[in-house]
Structure formats: structure tokens, C-alpha cells
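Sequential numbering from 1 along the given sequence is applied to the chain's residues.
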Amino acid sequence: ARVRAQNQWESPQNDVSTLMKQHGFADAWAEHGMREGGLSTCRFNTRIDYVYANRKAMREWKLCDAYHVAGSASDHQPVVARYVPKAM
């Protein structure tokens with residue numbers, strides 16, 4: 001937030017996230033509910049990386065884990081979501 005303010009950059013936008021939710025997709029990180037740490041996935045302390053699942057996938061697959069992968073190869077911190085088939 002500090003870097004964004006110092007450089008007079010616009011505030012983060014969430015239009016894509018809103019549209020994904022409106023079209024029946026769920027954010028794995030938010031759905032997991034047992035996450036640790038902050039939501040930031042980039043060096044500007046905002047969230048820019050997501051894993052989405054649609055309704056059909058959520059009926060057939062169970063989300064077991066969702067986490068960020070820290071690293072120095074990029075200014076992103078990818079999100080990993082691990083799903084297993086639900087018992088039929």
C-alpha cells in the first residue's frame with residue numbers, strides 16, 4: 001500500500017473477482033477457510049493470483065488445501081489448490 005501511494009498508483013480493482021463470483025466460480029483460497037498468513041500475493045501487498053473452481057467441480061471435487069508459494073523468480077506468489085475426488 002505504501003509503494004502504491006508513493007507512486008500515485010490507482011487502488012487495486014476487483015472487477016474480475018466480482019465477475020467470476022457472479023458466474024458461479026469460487027475462489028479456492030477463500031473457500032479453504034483454514035488458511036494461514038495474509039492474502040497478499042505480490043510485492044505491492046495486494047492479491048493478484050487466484051485459483052477458481054466452478055460449481056460442477058465443487059460438487060465433484062473436495063478442496064483439501066490452498067496455499068501460496070513464496071519465491072524470488074517473480075513478483076507474484078502463485079496459489080496452489082489441491083483437490084481430491086469426492087466419494088460418490
Side-chain angles (χ1 to χ4, degrees):
R2 180 181 51 79
V3 172
R4 190 173 296 282
Q6 286 175 342
N7 291 293
Q8 299 177 344
W9 294 342
E10 66 184 22
S11 297
Q13 304 296 312
N14 61 0
D15 298 344
V16 171
S17 296
T18 300
L19 284 171
M20 293 296 285
K21 190 173 184 177
Q22 288 173 352
H23 289 284
F25 287 83
D27 173 10
W29 186 253
E31 290 290 314
H32 189 258
M34 295 172 43
R35 61 184 182 261
E36 295 180 11
L39 289 175
S40 174
T41 63
C42 78
R43 64 187 172 124
F44 300 113
N45 201 28
T46 57
R47 187 160 177 239
I48 57 177
D49 301 289
Y50 298 83
V51 172
Y52 287 102
N54 65 20
R55 289 183 185 116
K56 183 175 188 233
M58 291 186 292
R59 283 192 305 270
E60 298 176 7
W61 294 86
K62 177 184 176 190
L63 178 63
C64 296
D65 198 10
Y67 57 92
H68 293 150
V69 177
S72 60
S74 172
D75 63 347
H76 293 251
Q77 291 184 355
V79 180
V80 175
R82 187 170 59 94
Y83 292 85
V84 295
K86 287 183 178 178
M88 296 292 178

Does any part of the side chain of Pro85, heavy atoms only, come nearer than 4.5 Å to the side chain of Trp61, both counted from C-beta? yes
Mark yes when over 12 heavy atoms from residues, nucleotides or ligands other than Tyr67 sit less than 6.0 Å from its OH; otherwise mark no. no
Hey, what do you get for OG1 (Thr18) to NE2 (His23), rounding to the nearest 0.5 Å? 10.5 Å
As an exercise, state the distance from NZ of Lys86 to CG of Leu63, rounded to the nearest 0.5 Å. 10.0 Å
Who are the ring-ring contact (aromatic ring centres under 6.0 Å, His included) partners of Tyr52, not counting sequence neighbours? Tyr50
What pairs of residues pass the salt bridge (Lys or Arg N to Asp or Glu O under 4.0 Å) test when at least one of them lies in residues 61-70, not counting sequence neighbours? none
Qualifying residues under side-chain contact (heavy atoms from CB on, under 4.5 Å), relative to Ala26, sequence neighbours excluded: Glu31, Met58
Can you name the residues that form a side-chain contact (heavy atoms from CB on, under 4.5 Å) with Lys21, not counting sequence neighbours? none
Testing the basics here: between Ala28 and Ala66, what is the closest heavy-atom pair and its distance to 0.1 Å? O-CB, 4.0 Å
